[in-house]
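Note: hydrogens, waters and symmetry copies are ignored here, and every other heavy atom, side chains too, is used. Just so it is clear: chains get the letters A, B, ... in the order the sequence lines come, proteins before strands, and each one is counted from 1.
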Amino acid sequence: KQEVTQIPAALSVPEGENLVLNCSFTDSAIYNLQWFRQDPGKGLTSLLLIQSSQREQTSGRLNASLDKSSGRSTLYIAASQPGDSATYLCAVTRSGYSTLTFGKGTMLLVSP
Amino acid sequence: NAGVTQTPKFQVLKTGQSMTLQCAQDMNHEYMSWYRQDPGMGLRLIHYSVGAGITDQGEVPNGYNVSRSTTEDFPLRLLSAAPSQTSVYFCASSYIGLADYEQYFGPGTRLTVT
């Protein structure tokens, strides 16, 4: 059974710092990995999707990398801002299916 | 283009009552799914569908029924609500058969069972 772990569970940083969120998964037979953002009391917003054949994806200040063989992904946030405060979730899909297996998330607080 | 919509936003039920959580998408996605989100447990898959007339169970299907009569709609039925079903429910959808399986989520339904 696929298990997804996110470390750290919570992170508090001052504005302007560059930071890294970690995601690991136990079964390397994934089709893709997706990073989501969830604001309190809200739904999930997709940030980046990395297909299993890719190594990284970038969107603005966000960069996600994938090392499928070692079962790891990182989400890099450059020059963090208070508006980045949210819970960040990592999820993987199995080959041939779209069902997502989620980690429990990293709760990020960026203080001014 | 409304994306994925869910109704109601909030609901309080008494134990034993039944209800249907509605989910609709206007993106012509074949794949739709329901997740529940609980503190400390993360998001867990309840049921999913890969097209009209095709559904399957996820990780936590007990106490829930689904059907998919159209591409657009995927309702989730609670047959006899229990306090253990107090949760936030999310519906998601995506295409199948393309390289990009990005999933889109609805805003959620907060359900309390007393």
> Taking a hydrophobic cluster as the set of Ile, Leu, Val, Met, Phe, Trp and Tyr residues connected by side-chain heavy atoms closer than 4.5 Å, whether directly or through intermediates, do A:L108 and A:L48 fall within one such cluster?
Replying inline: yes
Review point. Is the CE atom of A:M107 crowded by more than 12 outside heavy atoms at less than 6.0 Å?
Key: no
Here the gap from B:L43 atom CG to A:L100 atom CG, rounded to the nearest 0.5 Å, amounts to 9.0 Å
Connected via hydrophobic side-chain network under 4.5 Å: A:Y88 and A:L11: yes
Rounded to the nearest 0.5 angstrom, the OH-CZ distance for B:Y35 and A:F102 is 5.5 Å
B:F90 and A:Q38 have their tightest heavy-atom pair at CZ-NE2, 3.4 Å
Linking I/L/V/M/F/W/Y whenever any side-chain heavy atoms sit under 4.5 Å apart, do A:I50 and A:Y76 land together? no
dist A:T93:OG1 -> B:E102:CD (nearest 0.5 Å) comes out at 12.0 Å
dist B:Q103:CD -> A:L44:CG (nearest 0.5 Å) comes out at 10.5 Å
More than 12 heavy atoms of other groups within 6.0 Å of B:R44 CZ = yes
Looking only at B:P107, B:S33, B:G42, the option with the highest number of non-hydrogen pairs under 4.5 Å against chain A is B:P107
Are B:V113 and B:Y89 grouped together when hydrophobic residues (ILVMFWY) are joined by side-chain heavy atoms under 4.5 angstrom apart?
-> yes
When every non-hydrogen atom of B:E59 is compared with those of A:K1, the smallest separation belongs to OE2-NZ, 3.5 Å
So CD of B:Q37 and OG1 of A:T87: to nearest 0.5 Å the spacing works out to 8.0 Å
Applying a strict 4.5 Å limit to non-hydrogen atoms, the region of B:R110 in contact with chain A is side chain
Checked A:G105, A:G41, A:A9 vs chain B; the most non-hydrogen pairs under 4.5 Å come from A:G41
Notebook entry, point to check: Taking a hydrophobic cluster as the set of Ile, Leu, Val, Met, Phe, Trp and Tyr residues connected by side-chain heavy atoms closer than 4.5 Å, whether directly or through intermediates, do B:Y64 and B:L111 fall within one such cluster?
Noted result: yes
